[in-house]
Amino acid sequence: MSGSRSAKDFFRPLAVGAPTPLTEIPARPSRAIHFFDPSNPKMAAKVPDMVGTVDVLLGNLEDAIKADNKVAAREGLVEIAKKTEFGATQLWTRINALDSPWALDDLTTLVPAIGDKLDVVMVPKVQGAEDIHYVDRLLAQLEAKAGLDRPILVHAILETARGMANVEEICGASPRMQGVSLGPADLAADRRMKTTRVGGGHPGYLVREDPPSENGVANIEATRATFQQDLWHYTIARMVDACAMHGIYPYYGPFGDIADVIACEDQFRNAYLLGCVGAWSLHPKQIAIANKVFSPSVEDVAHARRVVAAMGDGTGAVMLDGKMEDDASLKQCLVMVELAEQLAAIDPELKQAYEGITA
Ligand SMILES: CC(C)(COP(=O)(O)OP(=O)(O)OC[C@H]1O[C@@H](n2cnc3c(N)ncnc32)[C@H](O)[C@@H]1OP(=O)(O)O)[C@@H](O)C(=O)NCCC(=O)NCCSC(=O)C[C@](C)(O)C(=O)O
Ligand SMILES: [Mg+2]
């Protein structure tokens with residue numbers, strides 16, 4: 001719990017009259033977190049029609065919003081939130097960095113105006129638990145003043161080397177912590193990585209097959225296969241562990257090569273397999289990719305249900321299709337089945353696909 005509040009106070013409100021913190025973060029589907037610029041009239045106009053087609057709509061106030069448009073973006077988000085009924089779609093925002101000239105006004109404007117509609121506030125460039133503590137207290141004061149009856153949750157972007165080193169304490173810094181996303185572009189810059197991309201791989205980051213040997217001499221000039229490696233494996237895996245340890249949710253972040261829908265799907269799937277629950281969508285065409293990747297396949301759900309059925313009371317070991325199944329493989333299958341149930345509850349097409357399966 002990061003050396004801050006004692007255990008007995010951890011779930012107490014941080015301001016008199018603020019809503020009681022949640023003891024568990026609800027598992028709401030959030031396969032795609034779709035970013036829009038509320039100061040861009042064309043994008044803003046599309047938002048009401050996107051409700052119901054995406055799990056999360058996020059009004060972005062930080063990077064990618066021109067400095068001259070910061071106030072317009074904030075006001076645009078207030079207007080959109082007030083006039084839109086979001087139903088099962090969540091509304092999130094990404095506020096400006098805490099050391100910027102805009103972050104304070106972002107929070108003091110948004111919470112009184114649309115705090116009842118905002119599910120999650122994403123905080124960029126989080127360095128340590130102190131950043132979350134600051135936002136935590138400020139949100140509590142603003143919620144109390146606005147008379148809100150449920151706490152707004154907080155999501156941190158992992159995009160500095162120090163934030164990465166402190167990821168465990170960040171995840172456990174407040175009961176408001178909902179999840180963490182990878183911010184590959186800022187993180188690469190802060191780490192002084194030699195890439196110039198927003199997420200994804202790099203052809204130079206590879207391993208090469210050993211050279212063939214001729215008469216005991218290695219022929220290094222021979223053609224040898226190379227295999228591109230995942231630049232983000234360590235970071236995502238560590239983020240997943242930190243989130244799982246604290247009962248919150250990990251997300252892959254943005255994939256900047258909008259045209260390369262194939263590599264985007266690969267990157268999202270790597271994150272899905274490692275334990276992430278969603279990714280960001282920067283362009284409408286990335287929503288379908290995230291929805292596909294972060295929904296278990298019908299085949300995986302069918303297999304998981306067969307294992308659950310075969311395992312009876314959940315103990316012991318059985319053989320299924322030549323493979324051993326036991327308590328631990330059952331637990332993996334239950335993760336799959338539970339996710340399928342959550343998604344079926346909000347996605348009629350998936351519901352139909354999953355219901356068509358017989359165990
Ligand atoms: C990439 C851009 C410039 C291409 O925008 P475009 O207009 O050139 O694209 P288009 O293909 O021509 O767009 C087609 C239509 O879709 C609309 N459209 C396009 N995008 C959206 C959208 N997101 N939501 C809703 N509508 C959208 C667009 O307005 C247009 O409408 P039209 O048919 O009426 O003319 C544009 O899609 C965009 O600005 N996307 C959001 C970018 C963003 O939010 N970036 C910040 C997150 S990544 C990040 O911050 C890094 C991180 C984590 O911090 C770190 O790693 O460090
Ligand atoms: Mg960034």
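In listed order, ligands and their atoms are each counted from 1.
With respect to the salt-bridge test (charged N to carboxylate O, under 4.0 angstrom), the residues Asp131 and Arg162 do not qualify. Taking 4.0 Å as the cut-off between side-chain N and carboxylate O, Glu299 and Arg306 do not count as a salt-bridged pair.
Within the structure, ligand 1 lacks Glu62 among the residues with a heavy atom less than 4.0 angstrom away. Heavy atoms of Pro184 come nearer than 4.0 angstrom to ligand 1 in at least one pair. For Leu282, the closest heavy-atom approach to ligand 1 falls below 4.0 Å. The closest approach between a heavy atom of Ile157 and any atom of ligand 1 is not below 4.0 Å.
In this structure Phe294 satisfies the ring pair (Phe, Tyr, Trp, His ring centres under 6.0 Å) test together with Tyr272, sequence neighbours excluded.
The NZ atom of Lys83 sits 6.5 Å away from the CD1 atom of Ile80 when rounded to the nearest 0.5 Å. We find the CG-CZ distance between Asp119 and Arg150 to be 5.0 Å, quoted to the nearest 0.5 Å. Rounded to the nearest 0.5 Å, atoms NZ (Lys117) and CG (Leu110) are 13.5 Å apart.
For atom 8 (O) of ligand 1, no protein heavy-atom neighbour is present inside the 4.0 Å cut-off. Remark: atom 47 (C) of ligand 1 lies closer than 4.0 Å to at least one protein heavy atom. Using a 4.0 Å threshold on non-hydrogen atoms, atom 37 (O) of ligand 1 counts as touching the protein. There is no protein heavy atom less than 4.0 angstrom from atom 2 (C) of ligand 1. Less than 4.0 angstrom separates atom 5 (O) of ligand 1 from none of the non-hydrogen atoms of the protein. Checking atom 53 (C) of ligand 1 against the protein gives a heavy-atom contact under 4.0 Å.
Looking only at its N/O/S atoms, Asp186 has OD2 as the one nearest to the Mg ion (ligand 2). Distances from the Mg ion (ligand 2) to the N/O/S atoms of Glu159 are shortest for OE1.
For atom 10 (P) of ligand 1, the closest non-hydrogen atom of the protein is His283 NE2, 3.5 Å. Looking only at heavy atoms of the protein, atom 20 (N) of ligand 1 is closest to Pro284 CD, 3.6 Å. The protein non-hydrogen atom at the shortest distance from atom 39 (O) of ligand 1 is Met43 CE, 3.3 Å. Here the protein heavy atom with the shortest distance to atom 51 (C) of ligand 1 is Pro254 CG, 3.8 Å. Atom 22 (C) of ligand 1 has as its closest protein heavy atom His34 NE2, 3.4 Å. At the top of the distance list for atom 49 (C) of ligand 1, counting protein heavy atoms only, stands Arg94 NH1, 3.8 Å.
Here the side chains of Leu61 and Arg94 are not in contact, with every heavy-atom distance at 4.5 Å or above. For the pair Leu58/His34, no side-chain contact is recorded, criterion being any heavy-atom separation below 4.5 Å from C-beta on. The side-chain heavy atoms of Leu118 and Trp92, taken from C-beta on, include no pair separated by under 4.5 Å. In this structure, the side chains of Glu62 and Ile95 stay at 4.5 Å or more apart for every pair of heavy atoms. Between Ile236 and Asn270, every side-chain heavy-atom pair lies at or beyond the 4.5 Å cut-off.
Close approach of ligand 1 to Asp186 is summarised as follows: ligand atoms under 4.0 Å from at least one heavy atom of the residue are 54 (O), 55 (C), 56 (O), 57 (O). Under a 4.0 Å criterion applied to the non-hydrogen atoms of Asp63, ligand 1 contributes the atoms 46 (C). Below 4.0 Å from some heavy atom of Asn60 lie the following atoms of ligand 1, by number and element: 44 (O), 46 (C). Interface atoms of ligand 1 facing Ala64, defined by a heavy-atom separation under 4.0 Å, are 43 (C), 45 (N), 46 (C).
Heavy-atom proximity to atom 33 (O) of ligand 1, evaluated over Met50, Lys42, Lys46, is greatest for Lys46. Of the candidates Lys125, Met122, Lys285, Glu159, Glu159 brings a heavy atom nearest to atom 55 (C) of ligand 1. The option with the heavy atom closest to atom 56 (O) of ligand 1, from among Ser181, Gly59, Ala185, is Ala185.
The six-membered or imidazole ring of Tyr249 lies away from that of His155, with a centre-to-centre distance of 6.0 Å or more. When ring centroids are compared, Phe35 and Trp280 come within the 6.0 Å threshold.
Using a 30° and 60° split on the angle between ring planes, Phe268 and Phe255 fall in the perpendicular class, above 60°.
If you check the side chains of Asp106 and Asn96, you find a donor sitting under 3.5 Å from an acceptor.
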